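What follows is a set of notes on a single structure, which appears directly below.
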Amino acid sequence: MNKLKKSLALIATLAIASSAFVACGDDSSSSSTADAGSSSTAESSAEGGDSSTGEEGGESSTADTPVERPDNKVASTDDKLTVLCWTGDDLNNMFKVFADNNDKGYTTDNLVFEKVGGGGEEARDQYPTYFNSGKDVDLFVLEADWIKDYIDKDDLTAPLTDLGFAEADFDNGYEYVKKIGTNDAGVIKGSSWQATPGGYVYRTDIAEEVFGAKTPEEFQQYVDNWEVFTESAAKVKEQKNMAMVDTLGGLWQVWSYKRTSAWADDSYNLVIDDYCKEYADLAKEYYDKGYVTKAEQWKTWDKAVQNGETMGIFQCTWCFGKNGTLSSLEGNTKTEDDATEWTVDGPFGSNWAFTQGPSGWAWGGSWLALSPKANSGEIAHDFVEFFTINAETMRKYAEYSGDFVNSPAAMKAIVDAGTNKNAYIGGQDQYGIFYEAAANIKMDNVTRYDSVLKKYFSDNISKYVQGAYSSTDEAIDGFKKDVKANVPDLAVS
Amino acid sequence: MSYAKYGYIFILPFFVIYFIFMLYPLVDTFIVSFKGNGLGPGVIARHESQRDWVGLASYKNILYKSGANHEQFLDSLKNTVIIWVGNFLPQISLSLLLAVWFTDMRVKMPGKGFFKVVMYLPNIITAASVAALFYTLFGGEYGVLNTIIDPKNASLWLGPADVWRARILVMFIQIWMWFGNTMIMLMSGIQGINESLFEAAEIDGANSSQTFWRITFPLLKTIMVYTLLTSMIGGLQMFDIPFMLSGNNNGHVNNEYIKTVACFIYEKFKGTENDMMYGVAGAASVILFFITSILGALVFYVQRDKDAIEKNRKRKEAMKEAKRRAKGGGFSI
């Protein structure tokens, strides 16, 4: 009897122990996503087939026009455009501009914003669940870092040409933006309303005191490349006991665009070159010597700025906008209606100016993608055209929101007009610098492992500067280990 | 007509729930551990996907020294053991001390019931709330203590380079959450001991420590083994507190020194498109299962009642002897 009790207890123990497995979900959910998705693709393409035969789509393709546009294959059974995103900051501005400036009589009632997730990465995880819920979805917003998770999958995104665009229509925008929105098979699945080059916002009082530079043009020579930038950082630290850069995250963002080779080569080997060591050394030097504050990007950076810990901030196009990050600094407020009249009354007043900085870079950006389940084809077409193709309407949006739109023509028009004055940087026109910077952004070496690899690399560098590793080599070994353990596709030597 | 079938109907819900939510995932974990790593639908995988059988590849990945996840797994196992030992020993000592005090008739403490309730309370709060509470005190950007120690350095406590502060924090939280529970359990164990033994000890002039070591402690062994076992199983599966304190939305734990095996499993399972590893997560779960089972069996073996076994053996021998004698005696009726 005693033995029986004991073995019963043992079995009970094992049963409790076995609950360790409960959290480990099964893989069936993802395959069911695939099923649901592919069946819906089949449906929508069948619908598309119907409508194109109904409207004799064959004829237009034989016509000898300069730009051949296919018919809009997406059904137009719903006059409400539903756009999914994790934030309404951009979309609400876009809806307002679209409702005010379209010639087809759409109002804000035709536009629905659905919030999915609390941030970009949450949205990435939650979109598929939303798609499977059967709720309405026409367009949704993707971020540069994980856009490839979506555009390579035909069950999640449909080609934008399905809306009746020709591929050449997207050539009006920046090339790098188009490249990011194009999938491995060469199909355009994402188009952005913005380009996101970045630059360096700095305190004019410090620049004048330490360097005697009165204008951004004069100051640029002290930050023109990384060697000079580091020298200047040393000077600022010595004379004012201030950092040169607000956060390590910002420093990394700029550096991530400096890489000239791909992170993985054609035979799927992880590429570790001098660049990695160079950045690790630089980050360590900046952190140890106090050239960069210990604040966290988008978390405590504003405190560091407000406390006067740093002379400058790396900021990009969307930081200057109506709801941009600069507006979150204490004292900087935005007015609801008139986009050009912000009040700036921070601890340093309007002692800020803007220059290109040591190297060209960009920061993220958002892309519009078309869901295979879309049923508002007409308005979706108009919306995408309004914000990502038509230079005239894009210019209107830029003027309203302060964003930098994905149209060199529109931006050039604004720069040439010389009317743009950004309150955060003492009335300087940020577009001029961005316009020049945007032309130089290259996206030649993108692999689909980039976001994961960059994450592991920057994680290991932050560990290194905070003292978890004792040398650059150890930090790079840590990076290699992470890649080896987590990215089974790549070989690590 | 038998009434027995009603019995079966009444216990049916348990088995249905058990098969769906416990047994099926359990079996499926074994299956998953023999399959490839995950990749979302539609992408051409360079490695085997979660639908392909890969045999023991994931186990080799973890257990072989050349395996890609070998070091990570060992590190997380080490963390788990350190954190568990560091929380169990102080916890059981504290609980035992309190349990003895609360049950000792000679200790006249007003408001015993109140203290018991207060000490049990942390266990009622969900782990998520507890973690949120401690994160507010020790965590990154707005953590109270980080702000006091070095306001400019948000990642001092629980940052990636923080080894012992982070571990001790997790140990402390575990102790704080569970000592009340353990105390109640030990108290019920002590109250189950025959009162007359304590009285006899008192009459014989035993002092408190003698009473504790000669009477309470040996008779409490069974309940201690139970506590050890449940705590060990819970400890090896520890996930909520470390993850809530330091995990991010990619499933990674920022502070590697509190990354337990369960966190490792979740990290492998979650991932983004290019680093989901269902196979490895499954294999690690199965390995953890066997580690837990073996340790559990070991505890049972070490703590088995040797006297009872000996008695049992003797009784059987005596019976055999008696039978033999009876046969040898040649009586047959």
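Atom set for the values below is all heavy atoms of this structure, side chains included, hydrogens, waters and symmetry mates excluded. Order of the sequence lines sets the chain letters (A, B, ...), proteins ahead of strands, with each chain counted from 1. The shown structure was predicted, so the numbers you read here are calculated from the model rather than taken from an experiment.
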Exercise for review: Would you mind checking which part of A:Tyr469 comes under 4.5 Å of any heavy atom in chain B, side chain (CB onward), backbone (N, CA, C, O), both or neither?
Suggested key: neither

**Study point:** Residue selection (most heavy-atom pairs with chain B, distance under 4.5 Å) from A:Ser451, A:Ser462, A:Ala485
**Key:** A:Ala485

Point to revise | A:Asn486 and B:Lys268: CA distance, side-chain angles, deciding distance, side chain to side chain donor-acceptor pair (under 3.5 Å) verdict | key: CA-CA 8 Å; A:Asn486 295 306; B:Lys268 296 291 153 194; 2.3 Å; yes

**Study point:** Proximal component of B:His70, with respect to chain A [non-hydrogen, under 4.5 Å]
**Key:** neither

Point to revise | Any side-chain heavy-atom pair of A:Gln466 and B:Asp162 under 4.5 Å | key: no

Point to revise | CD/A:Glu122: more than 12 non-hydrogen atoms of other groups inside 6.0 Å | key: yes

Practice item. Could you give me the CA-CA distance, side-chain angles and deciding distance for A:Asp125 and B:Lys270, then say whether side-chain contact (heavy atoms from CB on, under 4.5 Å) is met? Key: CA-CA 10 Å; A:Asp125 296 344; B:Lys270 179 82 169 24; 3.0 Å; yes

Check your understanding: How about B:Gln72 and A:Lys481: do any of their side-chain heavy atoms sit closer than 4.5 Å?
Key -> no

Revision key, fill the gap. For A:Lys484 and B:Ala68, the nearest pair of non-hydrogen atoms, with its separation, is O-CB, 3.4 Å

**Study point:** Heavy atoms of other groups near A:Lys455 NZ, more than 12 under 6.0 Å
**Key:** yes

Check your understanding: If you draw a 6.0 Å radius around OH in B:Tyr226, do more than 12 non-hydrogen atoms from other residues or ligands fall strictly inside?
Key -> no

